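What follows is a set of notes on a single structure, which appears directly below.
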Amino acid sequence: MATIDLTEKSFAQTLESNEIVFVDFWAAWCGPCRQFAPTYGAAAERHPDITFAKVDTEAEQALAAAANITSIPTLMAFKDKTLVFSQPGALNATGFEEVIQAVKNLDMYELRAQAGHQNA
């Protein structure tokens, strides 16, 4: 599956309607962003069950600010509308695949139970 471009208007709806969403915050002038793009695109093709989205931080400055993006590329992963991973910097293919598998295997019920205990 190809990557999709997210805007401030489509961001929330994308999280609402997909179980797992990876978001790559990038800019055209960013060298590491351009280096990560083929890795990100290849992962999107290998994992059609996951939504892979991109946010152009130049075109979507308000969205990047709302997401507290201070360095690009920044990769975020959401599962069941919950942010479960956020890291600046480009990953290599192996590292990215490890993150994808970790997010897929994440037990959200258990995660929410642990969060509930910490907040009690």
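Being a predicted model, the structure only gives us computed values, none of them experimental.
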Review point. Just wondering, do F22 and T3 contact through their side chains at under 4.5 Å, heavy atoms?
Key: no
Check your understanding: How far does CD1 of I4 sit from OG of S10, to the nearest 0.5 angstrom?
Key -> 6.5 Å
Practice item. Dump the intermediate steps for side-chain contact (heavy atoms from CB on, under 4.5 Å) on K104 and D49, then the final yes or no. Key: CA-CA 10 Å; K104 279 185 166 184; D49 56 324; 3.3 Å; yes
**Study point:** Shortest non-hydrogen contact between A37 and K54, atoms and distance
**Key:** CB-NZ, 4.3 Å
Study note, to complete from the structure: What one should report as the nearest heavy-atom pair of M108 and K79 is CE-O, 3.3 Å
Practice item. Determine, stepwise, if the pair T74 / S86 fulfils side-chain contact (heavy atoms from CB on, under 4.5 Å). Key: CA-CA 7 Å; T74 291; S86 180; 4.1 Å; yes
Study note, to complete from the structure: For V23 and V21 the tightest heavy-atom approach is CG2-CG1, 3.8 Å
Exercise for review: Spell out, yes or no, whether I72 and L83 are grouped together once hydrophobic residues are joined by side-chain heavy atoms under 4.5 Å, including indirect joins.
Suggested key: yes
Practice item. Answer yes or no: is there a side-chain heavy-atom contact under 4.5 Å between P73 and C30? Key: yes
Check your understanding: Side-chain heavy atoms under 4.5 angstrom apart, residues restricted to Ile, Leu, Val, Met, Phe, Trp, Tyr: same cluster for I69 and V55?
Key -> yes
Check your understanding: So, Y40 side chain and A53 main chain: donor-acceptor pair closer than 3.5 Å or not?
Key -> yes
Check your understanding: Rounded to the nearest 0.5 Å, what separation is found between the CZ atom of F11 and the CD atom of E16?
Key -> 11.5 Å
Check your understanding: Under the side-chain contact (heavy atoms from CB on, under 4.5 Å) criterion, do T39 and N92 qualify, and how do the steps go?
Key -> CA-CA 7 Å; T39 301; N92 63 30; over 6 Å; no
Review point. Under 3.5 Å, side chain of D80 to main-chain N/O of T82, donor-acceptor pair present?
Key: no
Point to revise | Side-chain heavy atoms of F25 within contact of M76, under 4.5 Å | key: yes
Check your understanding: Are the side chains of V84 and F78 in touch, meaning some heavy atoms are under 4.5 Å apart?
Key -> no
Check your understanding: How far does CZ of R34 sit from CH2 of W29, to the nearest 0.5 angstrom?
Key -> 10.0 Å
Review point. So do T7 and L63 actually touch side chain to side chain, heavy atoms under 4.5 Å?
Key: no
Check your understanding: Do H47 and E97 come within less than 4.5 Å of each other through their side chains, counting heavy atoms only?
Key -> yes
Check your understanding: Where is the tightest heavy-atom contact between E8 and A62, given as atom of each residue plus distance?
Key -> OE1-CB, 3.6 Å
Review point. Would L106 end up clustered with I50 when hydrophobic side chains under 4.5 Å apart are linked, directly or stepwise?
Key: yes
Practice item. Determine whether F52 and D24 make a side-chain contact, defined as any pair of heavy atoms from C-beta on separated by less than 4.5 Å. Key: no
Review point. With a 4.5 Å heavy-atom cut-off, do Q13 and S17 have their side chains touching?
Key: yes
Check your understanding: With the 4.5 Å side-chain cut-off for hydrophobic clustering, are L91 and I20 part of the same group?
Key -> yes
